[in-house]
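Take a look at the structure set out below.
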Amino acid sequence: MRWPKGLTGLCYGGDYNPEQWPAELWPEDVALMRRARVTLVTVGVFAWSRLEPEPGRYDFDWLDRVLDLLHAGGIRVALATPTAAPPPWFSLRHPDALPVTADGVRLSHGSRDTYCASAPAYRAAARRIATALAQRYADHPALALWHVHNEYGTTCHCEYVAAAFRRWLRERYGGLDALNDAWTTSFWSQHYTDWEQIRTPVATRYLGNPGQLLDFRRFVSDELLGAYLEQRDLLRAATPEVPVTTNYVLGDWVPVDHARWSAEVDLVAIDHYPSESGPGAEEQTAFAADLARCWARRSPGGPAWLLMESAPNLILTPGRMHAKEPGRLLRHSLAHVARGSRGAMFFQWRASRGGAELFHSALLPHAGPESRTFREAVALGESLTRLAEVDAGTVAARVAIAWDASCRWAMQATVLPSASLDYAAEVAAAHRALWRAGYPCDLVIPGDDLSGYALLVLPALYLVSDRYADQVRGYVAGGGHLVVGYLSGIADEYGRVRPGGYPGAFRDLLGIRVEEFHPLDPAERVPLADGTTGRLWSEPVRLAGATVVTTYAGGTVAGRPAVTRHDHGAGVAWYVSTRLDDDAYRDLLRRAAERAGVAPACPAAPPGVEAVRRGDGAGRSWLFLLNHTATTQTVPAAGTDLLTGGHLDPVTLPPGGCAVLREDGAAG
Ligand code: GAL
């Protein structure tokens, strides 16, 4: 396992941007970090213009002092390459390296992320600054981890990108015939006769080609990965013993296949900023952390991963920022640690006085150390120190949900029968249902080994290759339990519809056939015979071997099956043809899980108390109990609470309270 050099136990800290402050303040920063028991800080993420004030002239003196101070304070450093924010001189010198939007507008500096990752001048400048940093700090004793760039995810439509896209397409398809076929270019006269005719999906008169859009997103993911690998390889060559990573950003605008990237990062690191403040934030946190944990299995550093950024308090969201109420800092951090994060890191250490994110929260807020946030930050540091032993464990899940970046990108084309369909929202709804029912679950990508799972859920797996469809069929035939959501199996890996009736690739497995779709208005609800409701989608399902679980009791498909079940080989396959309301979805997945013989992590945990178990596979286990409710809750569980040192049996949690039990009866 590759892990930040010199660090044991859980990491705690965040982005430290000393270049925003006078040097006289730096010793105070380090002293306060020590008070909060900070162990790791990310330095230099956006410091390019301070590190290379003029082309080729480096100023490392200030960074030397910062690293020395941190080292003297016993704080380790994730040293970042600053390539997400080229300095103004760079864009003035290389206007061809500025990004172009799909509308043909070339952007200018003044923010961050304003570069084209395919522009030769940008790549060369990025390599130069990364090399200079590597040479300067390879032997610095504070260096624990290389943090490449920040949140890869930009796109550009300039000629460099178009040329790189064509090269990628030539490699993928070999010849134009295969590409024309995959993109169905016979539709609307788009047949290509020369590679040079192919553009990136720029603005055009009306709807673009969905096959082109899908391949473009796949290409951007590979192209950005290429930019990362260039830096990773030169950093690795300079310091083979120091792991290299980059922080993933999650969001529907990000054209990065994180699952596939994870084989190339020494440890998976994610940034997570929930867009909701209520219970939705807990659900989003659990989902993101489960994704990270499963991505991390593909990484040399896995199964551990790291929450690289989150918000200590106010989160920068459009419209209105929302605050974390007292206690949530610890609870959210523990939700990540419960799912395998080796610590909790934040954006940022000290709140900025100016700049675009001056009101984004920080561990050390504008108010200074005499503040609720800093007190909670100190308490969190102490709690994380007490949890060091949980690092030995990881979550074992017997339920999995499929996740596929290509599927998400295919569904982002504006060609589906309803604009309300959102792949990530469908997967999140399934995850939320299982989270509410208390089942730990993994997120698997096509090709992952399914043999350890008793239940597999495929929400809106719109695009599926023959190979994956075969794998899923084999899984059920061998005794697996499967729940398939609407809009699954419809298209092949190029995004072309599979003819013969929906749900295409899964018709036989599910024992049903659907001839047409009946999408619903966003506000519309359709009653089902069992008293629940469906929304977003409905279909006149025809049985072809399956049995009915419930039927539509209204709407245009009244009387037709809404949920079905079909025995296939030694297993069983359910089909859900509408978006069930949250409670009904939870109940259905619970039924399916019970039939599959799976139990929740802590069956007696009351609703609103999240229970996650980390086990070391050798008899030791830790049960994380997080009370997300506003009332005191009692959980029939026993063990030593690492947070307080007390033995609990049962566990009484105050509103918003947490416990991390080293479980009784476990070897130890
Ligand atoms: C992250 C980013 C940070 C900061 C933060 C604010 O996505 O990496 O630099 O901008 O968001 O929420």
Side-chain angles (χ1 to χ4, degrees), residues 11 13-21 40-51 77-87 109-115 117 145-155 224 227-228 231 245-256 258 261 265 268-277 281 284-285 288-289 291-292 305-324 328-329 332-333 336 341 343-366 373 377:
C11 302
D15 281 31
Y16 177 38
N17 299 304
E19 68 275 18
Q20 296 177 16
W21 299 97
L40 179 70
V41 288
T42 305
V43 180
V45 186
F46 298 112
W48 196 342
S49 65
R50 294 292 306 275
L51 291 169
V77 170
L79 189 55
T81 64
T83 50
H109 64 262
S111 181
R112 64 175 173 189
D113 289 320
T114 316
Y115 55 82
L145 173 69
W146 287 109
H147 176 298
V148 174
H149 201 83
N150 190 68
E151 301 186 333
Y152 278 102
T154 53
T155 43
L224 293 176
Y228 164 75
Q231 292 197 41
T245 191
T246 183
N247 50 335
Y248 295 165
V249 58
L250 317 181
D252 58 5
W253 55 276
V254 182
V256 166
H258 295 115
W261 275 49
V265 295
V268 164
I270 66 160
D271 297 350
H272 192 247
Y273 296 95
S275 60
E276 291 181 41
S277 55
Q284 291 181 15
T285 298
L291 275 170
W305 57 279
L306 182 61
L307 173 68
M308 188 63 97
E309 281 184 31
S310 56
N313 193 343
L314 277 186
I315 302 185
L316 190 70
T317 42
R320 175 179 73 94
M321 294 187 174
H322 53 259
K324 280 188 173 168
R328 203 160 197 166
L329 184 67
H332 264 187
S333 302
H336 284 285
S341 175
M345 306 276 291
F346 295 85
F347 179 85
Q348 59 180 330
W349 164 250
R350 187 186 275 276
S352 304
R353 288 191 62 194
E357 296 187 333
L358 76 172
F359 288 114
H360 193 285
S361 53
L363 291 169
L364 184 59
H366 291 144
T373 303

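For ligands, and for the atoms within them, numbers begin at 1 and follow the listed sequence. Quick note: numbers below take in every heavy atom, side chains included, and nothing from hydrogens, waters or symmetry partners.
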Taking only heavy atoms of Phe46, which atoms of ligand 1 are found under 4.0 Å from at least one of them? 9 (O)
So among Leu329, Thr373, Asn313, which one has a side chain to side chain contact (heavy atoms under 4.5 Å, CB included) with Ser361? Asn313
N/O separation below 3.5 Å, Glu357 to ligand 1: yes
Indicate yes or no: does an N/O atom of His360 lie under 3.5 Å from an N/O atom of ligand 1? yes
Quick note on ligand 1: atoms under 4.0 Å from a heavy atom of Glu151 include exactly 1 (C), 2 (C), 7 (O), 8 (O)
Write down the atom of Leu145, the atom of Thr245, and the distance for their closest heavy-atom approach. CD1-CG2, 4.0 Å
Apply side chain to side chain contact (heavy atoms under 4.5 Å, CB included) to residues Phe359 and His366 and explain how you reach the verdict. CA-CA 9 Å; Phe359 288 114; His366 291 144; 4.1 Å; yes
If you measure from each heavy atom of Gln348 to ligand 1, is any distance below 4.0 Å? no
Which bit of Arg112 gets closer than 4.0 Å to ligand 1, counting heavy atoms only: side chain, backbone, both or neither? side chain
Ligand 1 versus Val249, non-hydrogen atoms closer than 4.0 Å: side chain, backbone, both, neither? neither
Not counting sequence neighbours, which residues clear side chain to side chain donor-acceptor pair (under 3.5 Å) with Glu151? List them please. none
Determine, using heavy atoms of Asp271 and all atoms of ligand 1, whether some pair is separated by less than 4.0 Å. yes
His336/Trp305 under side chain to side chain contact (heavy atoms under 4.5 Å, CB included): CA gap, chis, key distance, verdict: CA-CA 10 Å; His336 284 285; Trp305 57 279; 3.5 Å; yes
For Ser352 and Glu357, which I'm curious about, is there any donor-acceptor pair between the side chains at under 3.5 Å? no
Best match, Phe347, Tyr248, Tyr273, Phe346: closest heavy atom to atom 11 (O) of ligand 1: Tyr273
Please list, chain by chain and in numerical order, all residues satisfying side chain to side chain donor-acceptor pair (under 3.5 Å) with Thr83, sequence neighbours excluded. His149, Gln231
